[in-house]
**Student:** 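Below you'll find the structure I mean.
Numbers restart at 1 for each chain; the letters A, B, ... are given by sequence-line order, proteins then strands.
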Protein chains: 2
Amino acid sequence: MDPNKSFKHLPHKTIERLSQYRRALLICLNNGKSHIFSHEIAQIQHITSVQVRRDLMLIGYSGTLRKGYNIQELIDLIGEIIDSNEGINVAVVGMGNLGRALINYFSGKRHKLSIVAGFDTNPDKIGNYMNGVECFSVEDMHKIVKEKDITIGIITVPASQTTEICDLLVESGIKGILNYTPKPVNVPDEIYLEEYDMITTLEKVAFYVKLPDEAPETKQSKARP
Amino acid sequence: MDPNKSFKHLPHKTIERLSQYRRALLICLNNGKSHIFSHEIAQIQHITSVQVRRDLMLIGYSGTLRKGYNIQELIDLIGEIIDSNEGINVAVVGMGNLGRALINYFSGKRHKLSIVAGFDTNPDKIGNYMNGVECFSVEDMHKIVKEKDITIGIITVPASQTTEICDLLVESGIKGILNYTPKPVNVPDEIYLEEYDMITTLEKVAFYVKLPDEAPETKQSKARP
DNA sequence: CAATTCCTGTTAATAGTTTAACAGGGCAAA
DNA sequence: TTTGCCCTGTTAAACTATTAACAGGAATTG
Ligand SMILES: NC(=O)c1ccc[n+]([C@@H]2O[C@H](COP(=O)([O-])OP(=O)(O)OC[C@H]3O[C@@H](n4cnc5c(N)ncnc54)[C@H](O)[C@@H]3O)[C@@H](O)[C@H]2O)c1
Ligand SMILES: NC(=O)c1ccc[n+]([C@@H]2O[C@H](COP(=O)([O-])OP(=O)(O)OC[C@H]3O[C@@H](n4cnc5c(N)ncnc54)[C@H](O)[C@@H]3O)[C@@H](O)[C@H]2O)c1
């Protein structure tokens, strides 16, 4: 990769799509495909082929005319852009249903991202392993975060505990937080924060479902020629 | 509400934020507040107060000068816009960790949206109740969807089963689908589809965490004056 | 009762993102 | 070889979303 090339200024949305492209490409690779056309990627992601080509243009990847893109090469390039060289260690705080679902989901995936610790306050959970991930006491967070070089924390505790846990993560020296509880949090500027609440998504689906004719084109319908 | 007023053309993002505003407003109401300023809402949501006022302008709600917005009124108005009159029934397919997390999360919430059924193939789960939600066999999906007037399906089965389950939901007459598995699906145009994959979000966080100085302003940092 | 402050509501400008349009090249069939 | 087709890569235009700028009104202060 051209070392002068910087990917700092890629659009937010492109970053998200690159991650999705890779996910789809890995599946295609497993199915024995070696090349793929922009319109094939587009169909999988419910977007237009123009958008795919534009994204790939932005990251400077060229395909072969009439043959498409080399899947392996593209996977590698996306990796160079969005993965960190050293790998990033992640912790899940709150080993309940959602926390376990996330750990389950992650285990066995390659990825430069690994969940390397869980935290909980429930004594019955502390010390247990879940898919190879040990559960520690939140009291040891400081120590474990340092020891295991954890840079991202995922919050899946009950909403009432969210603020406290978020502050604890920040104090422990975490760099990014992904908050899955419905309670919004505040973090210092230098910490990257994403919040996701399923109810928002579901209410959005409900809104468009109840507007029978006027529903906006979905990504999928727009993607059709 | 002015019956001539249509909310069909509200921006996508505004719809999402309205849902989030309501969530925050309900918490404030519980804390005994009766009025709230745009900048207070903004701070909770990590956006600017201008954006809040603009969204409220779009839905035609006016606050009181120097006093802010009446929380109860605003909650009610948002409800009129994004909730459906009759209430919407939702089913979760795949009663594993994630499915259970969702059902747990929903139970006890008011809302015009209710999860009224779960589906699974595991005989040990069929017939059980989870937070008051019965688990049915996927074989009965057609029947149950009709009986319970279910219009939205949430997919939380193993990725290998996603396509099959999605098709089954479509055949059963569902109107909207929320797919939480990492396998993208295809649905007919008239069905509203949202897909969410945690890994995309996490990889995005990782991308910005690893860019130490150049990280784009987060919503939160932008929101600061 | 001015002047000040603090808030809302709106329009105009900017920024971000997607889509349209098209140039160009290779392969295939005629 | 020529024609037609199907793909990529890029620039320009359109669209969507956010932010800046400001007009104006009520409470507050001197
Ligand atoms: N974003 C979403 O889509 C979504 C979906 C479902 C649930 N949720 C939210 O995720 C959270 C967890 O849901 P769940 O179903 O896994 O709940 P759960 O009760 O199964 O799990 C919560 C876990 O957190 C632990 N815990 C409690 N206090 C703690 C603390 N101070 N520090 C560390 N651990 C603590 C508990 O021991 C438990 O193991 C809830 O806030 C819920 O609202 C979000
Ligand atoms: N989007 C996210 O953020 C996210 C996070 C975690 C997990 N996931 C995904 O969600 C899915 C479920 O994860 P999980 O941890 O709950 O898994 P799980 O194995 O705990 O649960 C899967 C459930 O689906 C049932 N099932 C299997 N085949 C079925 C079928 N054909 N019809 C109906 N039910 C069937 C199983 O009996 C089981 O109860 C997986 O695809 C996983 O990758 C997504």
**Student:** Show every donor-acceptor pair shorter than 3.5 Å between a side-chain atom in residues 26-33 of chain A and any protein atom, with sequence neighbours excluded, or say none if there are none.
**Tutor:**
from    : atom 1 : to      : atom 2 : distance (Å)
A:Lys33 : NZ     : A:Glu40 : OE1    : 3.4
A:Lys33 : NZ     : A:Glu40 : OE2    : 2.8

**Student:** Between atom CZ in B:Arg54 and atom P in D:dA21, what is the gap in whole Å?
**Tutor:**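 One finds 16 Å between P of D:dA21 and CZ of B:Arg54, rounded.
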**Student:** Starting at atom CD of A:Glu16, determine the distance to atom C1' of C:dT18, rounded to an integer number of angstrom.
**Tutor:**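 Rounding to the nearest Å, CD of A:Glu16 and C1' of C:dT18 are 15 Å apart.
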**Student:** Take atom CG of B:Asp55 and atom C1' of C:dT8, then tell me their distance rounded to the nearest Å.
**Tutor:**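 In whole Å, C:dT8 C1' lies 14 Å from B:Asp55 CG.
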**Student:** Which listed nucleotide (C:dG9, D:dT19, C:dT19) is nearest to the side chain of B:Met57?
**Tutor:** C:dG9
**Student:** Anything under 3.5 Å between a donor and an acceptor, one on a side chain of residues 82-93 of chain A, the other on a protein residue two or more places apart or in another chain? List them.
**Tutor:**
from    : atom 1 : to       : atom 2 : distance (Å)
A:Asp83 : OD1    : A:Arg22  : NH1    : 3.4
A:Asp83 : OD1    : A:Arg22  : NH2    : 3.1
A:Asp83 : OD2    : A:Arg22  : NH1    : 2.8
A:Ser84 : OG     : A:Glu86  : N      : 3.4
A:Ser84 : OG     : A:Glu86  : OE1    : 3.1
A:Ser84 : OG     : A:Gly87  : N      : 3.4
A:Asn89 : ND2    : A:Lys148 : O      : 2.9
A:Asn89 : ND2    : A:Asp149 : O      : 3.2

**Student:** Write down the distance between NE2 (A:His46) and P (C:dT18), rounded to a whole number of angstrom.
**Tutor:** 16 Å
**Student:** Considering heavy-atom distances to DNA chain D, does A:Val50 or B:Pro11 have its closest nucleotide positioned more toward the 5' end?
**Tutor:**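 Looking at DNA chain D, the more 5' nearest nucleotide goes with A:Val50.
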**Student:** How long is the straight-line distance from CG of B:Leu102 back to CG of B:Leu98, given to the nearest 0.5 Å?
**Tutor:**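 One gets 4.5 Å once the value is rounded to the nearest 0.5 Å.
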**Student:** Please tabulate the protein-to-nucleotide N/O contacts below 3.5 Å involving nucleotides 4-7 of chain C, giving atom names and distances.
**Tutor:**
from  : atom 1 : to      : atom 2 : distance (Å)
C:dT5 : O2     : B:Arg66 : NH2    : 2.8
C:dC6 : O4'    : B:Arg66 : NH2    : 2.7
C:dC6 : O2     : B:Arg66 : NE     : 3.2

**Student:** On the nucleotide D:dG9, are OP1 or OP2 found under 4.0 Å from the side-chain N or O atoms that A:Ser62 carries?
**Tutor:**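 Yes, A:Ser62 has a side-chain N/O under 4.0 Å of OP1/OP2 on D:dG9.
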**Student:** Which residue lies toward the 5' end of DNA chain D, B:Leu10 or A:Gly63, if each is placed at its nearest nucleotide?
**Tutor:**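 Checking each residue's closest nucleotide, the 5'-ward one belongs to A:Gly63.
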**Student:** Tell me yes or no: between the side chains of B:Asp55 and B:Tyr21, is some donor less than 3.5 Å from an acceptor?
**Tutor:**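 Yes, side-chain donor-acceptor contact under 3.5 Å.
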**Student:** Could you give the CD-to-P distance, from B:Gln45 to D:dT18, as a whole number of Å?
**Tutor:** 13 Å
**Student:** Report the distance from atom CG of A:Leu18 to atom P of C:dT17, rounded to the nearest whole Å.
**Tutor:** 13 Å
**Student:** What is the distance from CD of B:Gln51 to C1' of C:dG9, rounded to the nearest Å?
**Tutor:**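 From B:Gln51 CD to C:dG9 C1': 15 Å.
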**Student:** Run the side-chain contact (heavy atoms from CB on, under 4.5 Å) check on A:Leu193 and A:Glu195 step by step: do they pass?
**Tutor:** CA-CA 7 Å; A:Leu193 173 68; A:Glu195 308 201 296; 4.0 Å; yes
**Student:** Could you tell me the separation between the NZ atom of B:Lys13 and the P atom of D:dC15, rounded to a whole number of Å?
**Tutor:** 18 Å
**Student:** Rounded to the nearest 0.5 Å, what separates atom CZ in B:Arg54 from atom CD in B:Gln51?
**Tutor:**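 The CD atom of B:Gln51 is 9.5 Å from CZ of B:Arg54, to the nearest 0.5 Å.
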**Student:** Treating B:Thr64 as the side-chain partner and B:Lys67 as the backbone partner, does any N or O pair qualify as donor plus acceptor under 3.5 Å?
**Tutor:** no
